[in-house]
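For reference, the structure is listed below as structure tokens.
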Amino acid sequence: MKILTLNFVTCARKACKASPAAFPLRPREAELEIVEQDINPLFVRNVLPRLEWDALREVCGELGLQQLPSTAPSPDDLFTTTPAAADTAMADAADAHEPRPSQLLRDLHTLLLETTMRSGKLVCGNCGHEYAVKEGIANFLLPSHLV
Amino acid sequence: MDPSHLRGEQYEDEHVHEVYEQIASHFSSTRYKPWPIVERFISTLHPGSVGLDIGCGNGKYLTVNPDIFILASDRSPNLVRIASTHNRPHVSLAADVLSLPHPLRTFDFALSIAVVHHLSTRERRINAIEAILAMLRPPWSSDKTVSGEPGRALIFVWALEQKSSRRGWDEGDDQDVLVPWVVKGGSQQQEKSSRMKQRKGKKGTRGSTMEEQVPQPDAETKPGPRAPSEVSSVPESEGRCNDKDSSKTYQRYYHLYRKGELEEDIETAGGTVLESGYERDNWWAICAPSMLNSYSTGS
């Protein structure tokens with residue numbers, strides 16, 4: 001389950017939907033892994049304004065990942081016209097001045113789309129219910145007494 | 001068909017949820033070609049859009065558009081596991097449409113393909129549509145938009161009017177049916193599908209003639225939540241579904257939507273229908289939360 005997911009899930013119980021404490025769900029006993037994925041700069045740029053940045057920061061803190069800045073980066077910081085060192089050899093003259101994904105964009109891609117929770121729990125900060133994550137799949141089915 | 005007062009959550013556990021758990025891999029092997037209207041809806045979404053596929057089944061719509069992010073969910077953990085094998089760059093999770101684990105009024109789009117017709121009372125179907133609409137970014141919110149457009153949902157349900165289909169249901173027939181799914185042999189995926197066809201007599205009578213099972217080559221190419229081995233609500237003992245010792249029949253509940261009913265349910269659920277139609281045995285609608293619905297005053 002990608003870290004990006006945690007920005008778009010909350011407790012499945014109706015009573016928790018209105019509670020700010022239910023979002024984001026708190027990861028516990030998380031086993032993380034990196035699952036490589038092709039970078040999609042347009043997607044990262046467009047999804048950035050959709051994020052609840054504070055929730056993302058909180059989740060990263062709980063998972064012991066890198067400390068994120070207190071405010072979301074500006075879209076201008078996602079591209080650079082200076083080729084990254086690793087790309088210089090491959091870049092020919094024609095596209096050397098094209099905007100390229102900045103290191104920041106690459107880091108966001110790695111954090112949001114490649115860092116995945118393989119197993120653990122997601123805990124609601126409002127009701128305390130724990131949702132299991134197994135083999136990368138979160139299970140939000142509620143026992144019948146909680147529906 | 002069981003009387004309506006017996007239907008509800010527990011009924012769906014037996015006649016929907018448990019069936020899909022059992023038939024997941026066989027079901028998945030018959031479902032890989034996207035339906036055209038669904039494919040068009042997904043492929044025209046703006047890059048960076050974030051949305052839901054509620055009732056994703058085996059995840060066949062997760063390969064259509066790599067420039068968006070889909071949180072795909074299904075009530076069947078076995079189907080979710082199958083969906084997770086090809087869900088990149090998306091994500092799949094187990095969830096129930098009536099208890100969705102997502103923040104309200106957030107998403108650019110939602111798909112719900114062949115799901116709402118599995119809810120066994122009108123109240124529960126309307127609740128499901130309400131729950132789907134409640135996920136969408138409403139038209140009066142300009143917050144965090146990618147496209148500048150409000151969220152939209154695409155809903156597909158099985159039609160009552162499908163006279164030319166092999167089931168032959170049509171206007172005036174019972175809308176609440178159990179549809180068998182036959183799994184033959186020990187190995188679900190290797191068995192070749194077959195089908196049984198029921199011919200109707202006059203309106204209201206049903207199940208008079210069963211045809212021989214014949215190979216069904218079109219299972220993968222025709223849209224519709226159809227099974228390769230389905231008959232309509234004929235009791236198991238009347239059919240010849242169990243003519244092999246190793247075969248097993250599962251009964252799935254469906255509410256067959258009559259013309260106009262999907263639009264009525266969407267409006268009752270607080271939605272506005274933007275576009276709707278009929279495609280090969282299914283009614284579909286693209287809808288959005290109505291400006292008048294109760295969410296307009298929500299925070």
Side-chain angles (χ1 to χ4, degrees), chain A residues 1-18 20 22-25 35-53 55 72 75 109 112-114 116-117 122 124 129 131-144 146-147, chain B residues 8-10 13 17 21 45-52 65-85 87-108 127 130-131 134-135 137 143-147 298-299:
Chain A
M1 194 193 62
K2 299 170 208 308
I3 297 303
L4 179 59
T5 312
L6 290 170
N7 223 265
F8 296 102
V9 292
T10 184
C11 188
R13 298 179 70 182
K14 279 184 186 59
C16 293
K17 283 283 198 297
F23 180 84
L25 296 173
V35 179
E36 283 186 20
Q37 189 178 307
D38 292 341
I39 191 166
N40 184 337
L42 179 62
F43 175 81
V44 176
R45 187 192 72 188
N46 286 357
V47 88
L48 182 62
R50 305 275 283 99
L51 298 179
E52 295 289 342
W53 188 258
H109 167 74
L112 297 171
L113 295 156
E114 294 189 319
T116 66
M117 189 166 160
L122 300 173
C124 174
H129 189 70
Y131 299 95
V133 180
K134 288 177 187 163
E135 294 170 35
I137 299 171
N139 187 337
F140 289 98
L141 297 174
L142 292 167
S144 56
L146 294 182
V147 173
Chain B
E9 192 185 340
Q10 287 183 351
D13 277 342
H17 307 150
E21 274 301 86
L45 291 163
H46 200 271
S49 295
V50 179
L52 307 173
N65 187 342
D67 294 328
I68 60 176
F69 184 54
I70 303 176
L71 296 106
S73 59
D74 202 278
R75 184 65 181 66
S76 163
N78 283 342
L79 283 171
V80 174
R81 266 187 284 282
I82 293 168
S84 73
T85 60
N87 65 3
R88 285 201 277 172
H90 311 292
V91 69
S92 44
L93 43 91
D96 189 305
V97 63
L98 295 179
S99 298
L100 289 170
H102 306 292
L104 300 171
R105 298 180 291 277
T106 299
F107 296 94
D108 300 302
N127 288 345
E130 267 174 357
M135 293 294 133
R137 196 182 48 253
D143 191 32
K144 294 183 181 296
T145 110
V146 170
S147 59
S299 56

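Sequence lines set the chain letters: A, B, ... in the order given, protein chains first and strands last, and positions in each chain run from 1.
Between the CZ atom of Phe8(A) and the CD1 atom of Ile70(B) there is a distance of 13.0 Å, given to the nearest 0.5 Å. The distance from atom NE2 of His102(B) to atom CG of Asn7(A), rounded to the nearest 0.5 Å, is 13.0 Å.
Of all heavy-atom pairs between Pro89(B) and Lys2(A), the closest is O-CE, 2.9 Å. In plain terms, the two heavy atoms of Glu9(B) and Ser144(A) that are nearest each other are OE2-CB, 4.5 Å. The heavy-atom pair separating Val147(A) from Ser99(B) by the smallest distance is CG1-OG, 4.0 Å. Here the closest heavy-atom approach between residue Lys17(A) and residue Met135(B) is recorded as CE-CE, 4.3 Å. The heavy-atom pair separating Pro103(B) from Thr10(A) by the smallest distance is N-CG2, 3.5 Å.
Counting heavy atoms from C-beta on, the side chains of Phe140(A) and Leu100(B) never come closer than 4.5 Å. Looking only at side-chain heavy atoms (C-beta outward), Phe69(B) and Arg50(A) stay at 4.5 Å or farther from each other. The closest side-chain heavy-atom distance from Leu142(A) to Asp96(B) is not below 4.5 Å. Put simply, the side chain of Leu141(A) reaches to within 4.5 Å of the side chain of Pro77(B), judged on heavy atoms.
With a 4.5 angstrom heavy-atom cutoff, Asn40(A) touches chain B only via side-chain atoms. Only the side chain of Ser84(B) comes within contact range of chain A, with at least one heavy atom under 4.5 Å from a heavy atom of that chain.
Each of Leu52(B), Ile68(B), Leu98(B) has some count of heavy-atom pairs under 4.5 Å with chain A, and the biggest count is that of Ile68(B). Of the listed residues (Ala95(B), Pro66(B), Ser73(B)), the greatest number of heavy-atom pairs within a distance under 4.5 Å of chain A belongs to Ala95(B).
Within 6.0 Å of CD in Glu21(B) there are more than 12 heavy atoms belonging to other residues, nucleotides or ligands.
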*Let me see the working for Leu93(B) and Thr5(A) under side-chain contact (heavy atoms from CB on, under 4.5 Å), right down to the final yes or no.*
CA-CA 10 Å; Leu93(B) 43 91; Thr5(A) 312; 4.3 Å; yes

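Arg45(A) places no side-chain N or O within 3.5 Å of a backbone atom of Gly48(B) that could act as its donor or acceptor partner.
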